[in-house]
Every structure is written in structure tokens, then in C-alpha cells.
Amino acid sequence: MRLKTMLLALLVSGSILLSGCAGFGDDSLLHPPKTTGKEAEIEKLIGETAGGGYMLKYPRSGQYRSAVVTEDFNNDKKDEAIAFYRTGTGEPSTHMLVMYDNGKNWKIAGDYETKFTDIDRVVFADIDLDGLSEIFVGFTGFTGAINELRIFDFSEDMSSVSELDFSASYSGFTADDYDRDGASELLTFSLKTADTDAEARLYDYADGALYSLSSCEMDPEIGRYDNICSGRLSDETKGVVIDGVKDSVYSSQVIFYDYAEAELRNYPYTTSKKRNPTVRSMKIFSGDIDNDDIIEIPKAGEAPALSTEEETVIPVINWSTLNSETAKLTDDKSCLMNPDFSYYLTLPESFKDTTVATLSKDSRTLKVYALSGDEKGGLIFTIKVSDVGSAKKMSGYKTLESYNQYRYTYKIDENMPIYISDTMLKESFSIYETSSGTDI
């Protein structure tokens, strides 16, 4: 489905202020640059509908972050548009304005008003197999403590939008075909609060309404979800991996629909209080690290207690994928990770269980040593990260790669106790895109 986002005015402190924005206590508002064509028509329609001062609002998270999003919902090669804005007259409220192009000009398909102050996220998915994507909107308040999901549906001729008889509180939600029936389902998940249990719930659509298909428990000890990754867990199974944190310790929960058992499952969380194998102290998020269209989940090995004031011993990270038949994680590759500078090293077989790695306090220097019993042995190689424009000389270091503002260099120790060649080191080194969290 063709998608694009567009910016209709001047960005000011995370929001866009449009001309005539009264009611916000600002007498010296900036005027946006003049827009043309479709953008100008949409801007004019928003202004006419708002009828006074307004401020465009941005979704806080998710794939769509613009206050105005255009998309061809019915594949007729004409875009529809959704705009979020807050009024400044009377009691403040947030509007979702849905617009369509009738071939001559832009018209209003729906104007939904809510007392929520902000937009959490927007998701598009076809849950009823009518060829039109439904609009999933999460509304939230200033604090983000309460999120409420609402769903909207276009009429067949795209001239109107109606709200489905459905609402749900959530900490996060996604939509995709999780049960292999060709249509998307809604998956919500919640942290434990005084009023709610920690659970994931899968909703399906039938006879004009959403109903709860299945649910499963989630770890009630997790205090915050930092990363939500939806996609393929294996060739046949789609699901969601949620990276959460409690007391600076991270762990992952893998939510998927067990097709054979017809139930929603959460691996590796169980009520038996067994240790979650994905527990880790490093801030590393799940994701498709090797671009194979499968989500990988990080598991941390045990690191020897050899840290000093100058450097910290880092664990080996085993990237694993879900085996949908056994419902367990299978290790795919073992790596040394430097999340602060977005690179990893795939360990050769000869390095496994025979080496130990350290990071300097500023994370710019990674060293790999031979492991001699419970102690560090001889140095094998060093990787250093410097700024591209730095005049500091790196005597004896060779360049691995330059990426963005950083230069990655290495030096193999001439007395290395375990052999590694320049070619082996270069082939083991990879840059990866770091997730800042909750990016679906």
C-alpha cells in the first residue's frame, strides 16, 4: 500500500502552529510558509473545519509520526488524509479529521473529537477483508499513563467514516495477520497496574464487531515497555517481541498465536518463576539484526567477574529466533555488541568460551582477550571508535568502516594468543541500525 507523510507548516517545539492560533496565550505566533497544490487544499480544509485557533498534534510513537498522514486506503490511486489537531477555544479538545478527494476537491469524511490531549500512535490494517484499511488510533493524556484505543472504518465510497463499537485501554498494540487467516487481528498488551492485569489479548473480527479470540499472561514484574517489534518470528509465524525493563534489567517476551493449539502464547514467560533466558543488563533491543525478515531476540551469556574501574566485561549476546514447533528460542549467532556505537562482532568458533571482551567506560574501546581460567590472558585485538573529523592519530590502527560521524578502526596484537586475521576480523564486523524503542 502506497504511503507517504507530509508536513504542512513550520515545526515549533514538537508541534506545528498555524496562523490564527488563538487561545494558547501566545500573541506572537509564527506564520507557516505558503503551501501549494494538494497540501494547500488540505490545510485550507483543516482551517475551515477548526473554525479558529488550532495546533496540529503529532503521534508520540509508532511508524506514523506526522500530524497529517496521507494514504491510498482503497488502492484507487487517490490519497485520503488524516489530520490531528487541538483546538484552543473553549475547553481544549483533540480532533481527528479524516478527508478524501472526490476528484474535484477535498471533502470531510469524518471529524472525531476526544477530550484526550495527545495521540499515542496510529496503525492501519484490514481486519474485515473488505479491501479497505481500518484506522486504529491510540489516544493518550499529557503523562501517557492512560492510553485508549479507538477504531474507525471508511464507507465503501470513502465519503464517510464511522467508529466501531470498540474501545480498550492498553500499554501497547499492534495489528497484523497473527492467525494465518488472511485478515489482520488486533493485539493489545498491558502492564500490571492497580486496575489492570499484565496480559496480552488477541481480537478477531466477525459479524461487524471485534471479539476476544485469546489472551495470555505477561510478566507482572516489568515496569516499562521500551521496545515493541512486530513481524515474522519464523517463516510461518508472525508475532510481537516486547522488550521491557525493571530496575535497569532488560528482558524480552515473545507473543504469538499457537495455530495448532488455537491459543495466544507468551514465551519465555511462565508463572513457574523460571528465569527468563533473555534477561540482560545491556540495553539491547530485539529486531531483524541481519535483514532476513525474521525478528531476532537477544540472550546474554554469563560474563566473568573481571570488570575494573577503567573497563567493563561484556557478555556474549546469543541472537535467537523462535522455533514455532517447539515454542522455544534457538540460538542463531553469537556476538559481541556495542549498542552505544551500533556495531557487533560475530564470534568465530575458536573464540567461543575461550575469550573475554571488555568495553571502556566511554564505550569507544572494545578489547578481546584470551580467557585463562578465571583471568584475562593475552590481548588478541582492539577496536576503537573515533569521530570522523578527529585529528587524533591512531598509530597502528587500520580502518574497518566509516559510518555517519564515526570511524571504526582495529589493531590486532602481534602476540595474539588466539589467531585472527585481518580478513576474519573485517568479515565479523557489522554496523546495525539501533532501535530507540517502541518503533512500530
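We use all heavy atoms of the structure for the numbers below, so side chains are in, but hydrogens, waters and symmetry mates are not. Predicted model only: the values in this text are computed from it and were never measured.
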Basic-acidic side-chain contact under 4.0 Å: [X], [Y]:
X      : Y      : value
Arg224 : Asp243 : no
Arg150 : Glu163 : yes
Arg86  : Asp118 : no

(request) Kindly state each residue pair satisfying side-chain hydrogen bond (donor to acceptor under 3.5 Å, both in side chains) with at least one member in residues 407-417, sequence neighbours excluded. (result) Tyr410-Asp422

(request) Scan residues 202-215 for pairs that pass side-chain hydrogen bond (donor to acceptor under 3.5 Å, both in side chains), counting only residues two or more places apart or in two chains. (result) Arg201-Ser212

(request) Verify side chain to side chain contact (heavy atoms under 4.5 Å, CB included) between Tyr259 and Arg180, making sure each step is shown before the conclusion. (result) CA-CA 8 Å; Tyr259 187 77; Arg180 311 181 197 175; 3.8 Å; yes

(request) For Ser171, check side chain to side chain contact (heavy atoms under 4.5 Å, CB included) against everything at least two apart and list the hits. (result) Ser190, Leu191, Tyr225

(request) Please name the residue in the list Tyr85, Phe139, Tyr54 that meets the ring pair (Phe, Tyr, Trp, His ring centres under 6.0 Å) test with His95. (result) Tyr85

[X] side chain to [Y] main-chain N or O, any donor-acceptor pair under 3.5 Å?
X      : Y      : value
Thr237 : Ser234 : no
Thr193 : Thr196 : yes
Glu134 : Phe124 : no
Asp72  : Lys77  : yes

(request) Using the test side chain to side chain donor-acceptor pair (under 3.5 Å), find all partners of Asp331 that sit at least two apart in sequence or belong to another chain. (result) Lys299

(request) Please state whether the rings of Phe341 and Tyr406 are parallel, tilted or perpendicular, taking 30° and 60° as the class boundaries. (result) perpendicular

(message) When you compare the side chain of Val254 with that of Val240, does any pair of heavy atoms fall below 4.5 Å?
(response) no

(message) Using side chain to side chain donor-acceptor pair (under 3.5 Å), reason through Tyr170 and Asp120 one step at a time and then give a plain yes or no.
(response) CA-CA 11 Å; Tyr170 69 90; Asp120 173 49; 2.7 Å; yes

Can you confirm whether or not the ring centre of [X] sits under 6.0 Å from the ring centre of [Y]?
X      : Y      : value
Phe73  : Phe154 : yes
Tyr112 : Phe152 : yes
Tyr344 : Phe429 : no

Side-chain donor-acceptor pair present, [X], [Y], cut-off under 3.5 Å:
X      : Y      : value
Lys384 : Thr365 : yes
Ser320 : Asn318 : no
Lys57  : Thr94  : no
Asp126 : Ser184 : no

(request) Scan for salt bridge (Lys or Arg N to Asp or Glu O under 4.0 Å) pairs involving residues 343-355, sequence neighbours excluded, and state none if there are none. (result) Glu349-Lys352

(message) For residues 350-385, which residue pairs pass the ring pair (Phe, Tyr, Trp, His ring centres under 6.0 Å) check, not counting sequence neighbours?
(response) none

(message) Determine whether Thr355 and Val368 satisfy the following criterion, side chain to side chain contact (heavy atoms under 4.5 Å, CB included), listing intermediate values before the conclusion.
(response) CA-CA 7 Å; Thr355 58; Val368 177; 4.0 Å; yes

